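These numbers come from the heavy atoms of this one structure, side chains and all, not from hydrogens, waters or symmetry mates. Everything numeric in this text was worked out from a predicted model, so none of it was measured.
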Amino acid sequence: DDFGLVKTTDGGASWSEMLPRTLQFAMIDSSHGYFYGYSPGASNLEALKTSDGGATWDTIFSAYNGSNTTAFFLDTLNCWIMLGGQDFHSSDGGNTWTINSTGNHDGFISFVSPTEGWETVPGGVVYHTTDAGSNWTEIYRDSAKEMGEVQFADSLHGWITTGLPGPIRWNGIMTTTDGGSSWSTYEILDPSESSFPSLSFAAGGKIGYVWDKAAVLLVRLTKNHPLP
């Protein structure tokens with residue numbers, strides 16, 4: 001099954017589908033946004049951009065069908081796509097793209113500025129960049145875990161969904177207050193019952209959501225939580 005992109009203009013009373021088969025989506029403001037996935041009639045992965053609230057979409061990136069791929073859209077200019085082990089970056093809203101680096105770049109990414117970001121990759125590894133992805137430095141490794149989606153609120157505070165490898169069973173959240181040098185882990189579900197690779201936390205960091213295609217779970221991190 002695939003996620004679809006829907007829109008409401010009446011507070012959620014009714015919804016209309018804009019784009020099917022969505023992998024990543026972000027609205028920067030009420031007018032500008034990005035879609036990454038498979039647009040209607042397309043066989044390749046595409047990144048689309050709107051400047052009129054989703055009424056029309058323009059293609060800014062198209063590539064072959066990749067099984068391990070993610071994207072991150074920071075603002076109206078800066079966006080990144082990880083595909084086939086390569087790191088694609090645009091600093092002009094998708095008009096032009098640069099392949100920043102090659103290697104093991106098939107994970108989730110999060111940026112807090114046009115230059116600073118983090119990436120999680122298979123094998124329990126976290127990378128950090130301060131030059132928009134031209135170079136990545138390993139800052140954390142735990143081969144006993146798998147790392148899922150990563151989110152940073154600023155240069156210090158971040159969250160990652162974690163799970164047990166082979167096959168992956170998502171059951172926890174890691175948090176950091178020092179930019180990823182050290183992490184605290186919180187188990188939120190029995191591994192046999194969990195499947196929550198995605199997450200979203202507010203800047204305060206104590207309450208957030210984890211979800212998959214079937215359910216959304218509200219999480220409150222309180223036990224020995226490192227944030228103030």
Side-chain angles (χ1 to χ4, degrees), residues 5 22-37 45-54 57-63 66 68-121 125-140 147-161 174-183 198-205 208 227:
L5 178 60
T22 305
L23 298 179
Q24 307 280 154
F25 171 71
M27 287 300 296
I28 307 304
D29 53 40
S30 60
S31 299
H32 300 87
Y34 297 93
F35 159 92
Y36 184 56
L45 284 163
E46 291 187 329
L48 310 180
K49 180 172 70 172
T50 181
S51 57
D52 55 15
W57 296 83
D58 296 317
T59 301
I60 59 173
F61 183 92
S62 181
N68 295 320
T69 180
T70 59
F72 187 85
F73 307 104
L74 177 67
D75 50 35
T76 58
L77 295 177
N78 290 278
C79 40
W80 292 262
I81 293 175
M82 302 301 202
L83 178 64
Q86 295 180 316
D87 168 11
F88 297 87
H89 174 229
S90 176
S91 58
D92 57 10
N95 293 321
T96 60
W97 294 85
T98 300
I99 300 178
N100 276 340
S101 57
T102 59
N104 187 18
H105 293 290
D106 289 326
F108 293 92
I109 49 176
S110 177
F111 279 78
V112 296
S113 74
T115 56
E116 187 174 24
W118 293 259
E119 180 188 13
T120 58
V121 301
V125 183
V126 182
Y127 287 97
H128 178 234
T129 181
T130 56
D131 56 13
S134 295
N135 296 280
W136 293 88
T137 301
E138 180 181 318
I139 60 171
Y140 184 84
M147 307 294 185
E149 187 165 331
V150 56
Q151 177 196 347
F152 270 77
D154 52 42
S155 61
L156 296 176
H157 300 89
W159 305 262
I160 296 174
T161 54
M174 299 198 321
T175 68
T176 182
T177 59
D178 58 11
S181 297
S182 61
W183 297 83
S198 300
L199 82 164
S200 178
F201 276 79
L227 299 183

Contact check, side chains of Val150 and Thr120, non-hydrogen atoms, under 4.5 Å
yes
Do Ser90 and Asp92 get their side chains close enough for a donor-acceptor pair, meaning under 3.5 Å?
yes
Okay, side chain of Lys49, backbone of Ile60: is any donor-acceptor separation there less than 3.5 Å?
no
Could you check if a side-chain atom of Tyr36 sits within less than 4.5 angstrom of a side-chain atom of Leu45, using non-hydrogen atoms only?
yes
Met27 CE to Phe73 CZ distance, which is reported to the nearest 0.5 Å
12.0 Å
With a 3.5 Å cut-off and no angle check, do the side chains of Asp131 and Thr129 form a donor-acceptor pair?
yes
State the CD-OG distance between Glu46 and Ser62, to the nearest 0.5 angstrom.
4.5 Å
Heavy-atom side-chain proximity of Ile109 to Met82 below 4.5 angstrom
yes
Would you kindly say whether Thr176 and Asp178 are connected by a side-chain donor-acceptor distance under 3.5 Å?
yes
Using modelled atom types and a 3.5 Å cut-off, is there a donor and acceptor pairing between side-chain atoms of Trp57 and backbone atoms of Phe35?
no
Verify, without hydrogens or angle tests, whether Tyr34 (side chain) and Thr76 (backbone) share a donor-acceptor contact under 3.5 angstrom.
yes
Are Trp97 and Phe61 an aromatic pair by the rule of ring centers under 6.0 Å?
yes
Dump the intermediate steps for side chain to side chain contact (heavy atoms under 4.5 Å, CB included) on Leu156 and Thr177, then the final yes or no.
CA-CA 5 Å; Leu156 296 176; Thr177 59; 5.7 Å; no
Go through Met147 and Tyr140 one step at a time and tell me if the side chain to side chain contact (heavy atoms under 4.5 Å, CB included) criterion holds.
CA-CA 11 Å; Met147 307 294 185; Tyr140 184 84; 3.7 Å; yes
Does any donor atom in the side chain of Trp136 or Asp87 lie under 3.5 Å from an acceptor atom in the other side chain?
yes
Under 3.5 Å, side chain of Trp80 to main-chain N/O of Ala132, donor-acceptor pair present?
yes
Are any non-hydrogen side-chain atoms of Leu48 and Asp58 less than 4.5 angstrom apart?
no
Examine distances only and state if a side-chain atom of Tyr127 and a backbone atom of Val121 form a donor-acceptor pair shorter than 3.5 Å.
no
Please report the interatomic distance CD1(Ile160) to CZ(Phe108), rounded to the nearest 0.5 Å.
11.0 Å
Could you check whether any side-chain N or O of Thr98 sits under 3.5 Å from a backbone N or O of Asn100, counting only pairs where one atom can act as donor and the other as acceptor?
no
Between His32 and Thr50, is the side chain to side chain contact (heavy atoms under 4.5 Å, CB included) condition met? List the steps.
CA-CA 5 Å; His32 300 87; Thr50 181; over 6 Å; no
Consider only side-chain N and O atoms of Glu116 and His128, and report whether a donor and an acceptor are under 3.5 Å apart.
yes
OG of Ser110 to CD of Glu119: how many Å apart, nearest 0.5 Å?
11.5 Å
Spatial distance of atom OG (Ser91) from atom CG (Asn78) [nearest 0.5 Å]:
6.0 Å
Side chain of Thr70, backbone of Gly107: donor and acceptor closer than 3.5 Å?
yes
Nearest-0.5 Å distance that lies between atom CH2 in Trp159 and atom CZ in Phe152
8.5 Å
Might you point out which heavy atoms bring Gly158 and Trp183 nearest each other, and give the distance in Å?
O-CZ3, 3.9 Å
Taking every non-hydrogen atom, the tightest pair across Val112 and Leu74
C-CD1, 4.2 Å
Step by step, would you call Phe72 with Cys79 a side chain to side chain contact (heavy atoms under 4.5 Å, CB included)?
CA-CA 6 Å; Phe72 187 85; Cys79 40; over 6 Å; no
